[in-house]
2 protein chains.
Amino acid sequence: MENIHLAIVEDDPVIRESLETYLGAHPALQFSIVAGSVEDFLEKAEKPARVPKIDVMLLDIGLPGMSGIEGIRHIRQKFPETDIVMLTTFEEEDKIFKSLCSGACSYISKRTPLSTIQEAIFTIHRGGSFMSPSIARKVVQHFMPKARKEEDILSPRQQQIVEALVDGLSYKLIADKLSISIDTVRDHIKRIYKLLEVNSKAEVIRKALDGDIY
Amino acid sequence: MENIHLAIVEDDPVIRESLETYLGAHPALQFSIVAGSVEDFLEKAEKPARVPKIDVMLLDIGLPGMSGIEGIRHIRQKFPETDIVMLTTFEEEDKIFKSLCSGACSYISKRTPLSTIQEAIFTIHRGGSFMSPSIARKVVQHFMPKARKEEDILSPRQQQIVEALVDGLSYKLIADKLSISIDTVRDHIKRIYKLLEVNSKAEVIRKALDGDIY
DNA sequence: GGGTAATCCACATGATGATGTGGTTCAAGG
DNA sequence: CCTTGAACCACATCATCATGTGGATTACCC
């Protein structure tokens, strides 16, 4: 099995060195770059004649200068093949999602034992993803049925109309599609607006796409 | 530590019984209901005078009768407190997401060792979530920056306009917000339509909310 | 220095959307 | 039996949107 090339970006020297020592001790793991900030990392990545190979990267969020989340974009630009693992003390939802949306592939709590982090690196390099359980829970909750404020307040017919609106159809096309008069379409939409407390197509589409309707 | 009450819905008797035997052997785990289909499960859940307690439920997808995914809704209606774990051979993306959207909290491959499944149950009962690594990867990829078809094709100003459209603002309000003439707003939007190859506000909002723009 | 692109603005026209009023039919429930 | 609500349709009016044509300024690149 080939070596896995790692990078760490972490400002706390204690954590950084303990990771470096523990993970570096494994024969299949080796460090390409160890940095204290994203800026530092990018600079070190420029230095060598040829760009170093990095398979998996451990990235802190709370960094001096550019935050880890901002850093993800820059790093992915230069290292599109690298799997980025956020390693952080915070489990705030918005940080988790911002990280994932920016392109991180895993999100691990710093409280996680080193041995588990090591396992995670192998898992990730195999094409998987490792999430701390509490973080995974937050992620799956994002898919879950929402609070259902509007649930069942729209009749089946009204839901069809909303679907059509979301598909970008005009009143005329909706009328054709559902084989009803355009005035009836207007009528439905009037009622939908009242029910959803909106007053434009745009807002309906937004609500629908945000999952605020069903 | 209190006992964890389990349920299994799985049509394959071999798998069902091996789970029952292995997991049931643990002193902290006990089975409330074991069923071969969702229908079977719901019937058994009705029988006793008082509704049985179920903390964690293992649910197969490929079931006779109602599929596991359909079943999630019915089960959550009756057992809103139960954490539902999909346990399945399939790792198809749409099934994963349909399950999560219906309210499953974890998704585990049947190839996973029994000991890991057992650990997962404890993790889940603690309020976490367990995903097989390959499945977790598919989940996080859903958050990742998309194929970037439209990336960078919109100028910063155009992106501001799109944002405003998504917020449901009219041309007039956008003009006020950006302190420009309404005709200029029209002008921007004309160009945006050409770039995105659409011809209505609705489609722009859809694209933006689907992440097809940035 | 001419080409290109982004931003800005104006005028005009037809299509679409938002909203109100008024009416019919049918099915479900008190 | 009568009310209520969903779904259906029509007419009317004003606002907003979609689209075209034409022009100005700035800035950057070859």
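Source: prediction; values computed, not measured. Throughout, protein chains are lettered first and strands after them, A, B, ... in sequence-line order, and every chain is numbered starting at 1.
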Quick one: list whatever passes side chain to side chain donor-acceptor pair (under 3.5 Å) with B:E203, sequence neighbours left out.
-> B:S200

Where do B:S99 and B:I72 land on the side-chain contact (heavy atoms from CB on, under 4.5 Å) test, with the steps shown first?
-> CA-CA 8 Å; B:S99 299; B:I72 295 173; 4.1 Å; yes

Residues that A:D55 engages under side chain to side chain contact (heavy atoms under 4.5 Å, CB included), provided they are two or more places apart = A:I4, A:H5, A:K53, A:H125

Rounded to whole Å, CG of A:L195 lies from C1' of C:dA18 at a distance of 16 Å

Set of side chain to side chain contact (heavy atoms under 4.5 Å, CB included) partners for B:P80, sequence neighbours left out | none

Please, which pairs that meet side-chain hydrogen bond (donor to acceptor under 3.5 Å, both in side chains) have at least one residue in residues 6-15 of chain B, sequence neighbours excluded?
-> B:E10-B:K110

For every nucleotide of nucleotides 8-17 of chain D, 5' to 3': is a protein heavy atom under 4.0 Å from its base (B), only from its sugar-phosphate (S), or from neither (-)?
-> BBBB-----B

Using five pairs at either end of the helix from C:dG1-D:dC30 to C:dG30-D:dC1, determine the angle between the two local helix axes and round it to 10 degrees.
-> 40°

Find the distance A:I192:CD1 to D:dA6:C1' and express it as a whole number of Å.
-> 12 Å

Sequence neighbours left out, what passes ring pair (Phe, Tyr, Trp, His ring centres under 6.0 Å) with A:Y107? Give chain and number order.
-> none

Side chain to side chain donor-acceptor pair (under 3.5 Å) involving A:E92 - partner list, sequence neighbours excluded | none

For B:R157, enumerate each residue passing the side chain to side chain contact (heavy atoms under 4.5 Å, CB included) test, keeping only those at least two apart in sequence or located in another chain.
-> B:S155, B:Q160, B:L178, B:I180, B:H188

Hits for side chain to side chain donor-acceptor pair (under 3.5 Å) against A:S106, two or more places apart or cross-chain, chain-then-number order -> A:S129

Could you pull out all residues at least two apart from B:F97 that satisfy ring pair (Phe, Tyr, Trp, His ring centres under 6.0 Å)?
-> A:F143, B:H142

Look at the side-chain N and O atoms of B:K194 and state whether any lies under 4.0 Å from the OP1 or OP2 oxygen of D:dA18.
-> no

Scan nucleotides 24-29 of chain C against the protein and return all N/O pairs shorter than 3.5 Å with their distances rounded to 0.1 Å.
none

Would you kindly give the CD1-to-C1' distance between A:I174 and C:dT16, to the nearest whole Å?
-> 11 Å

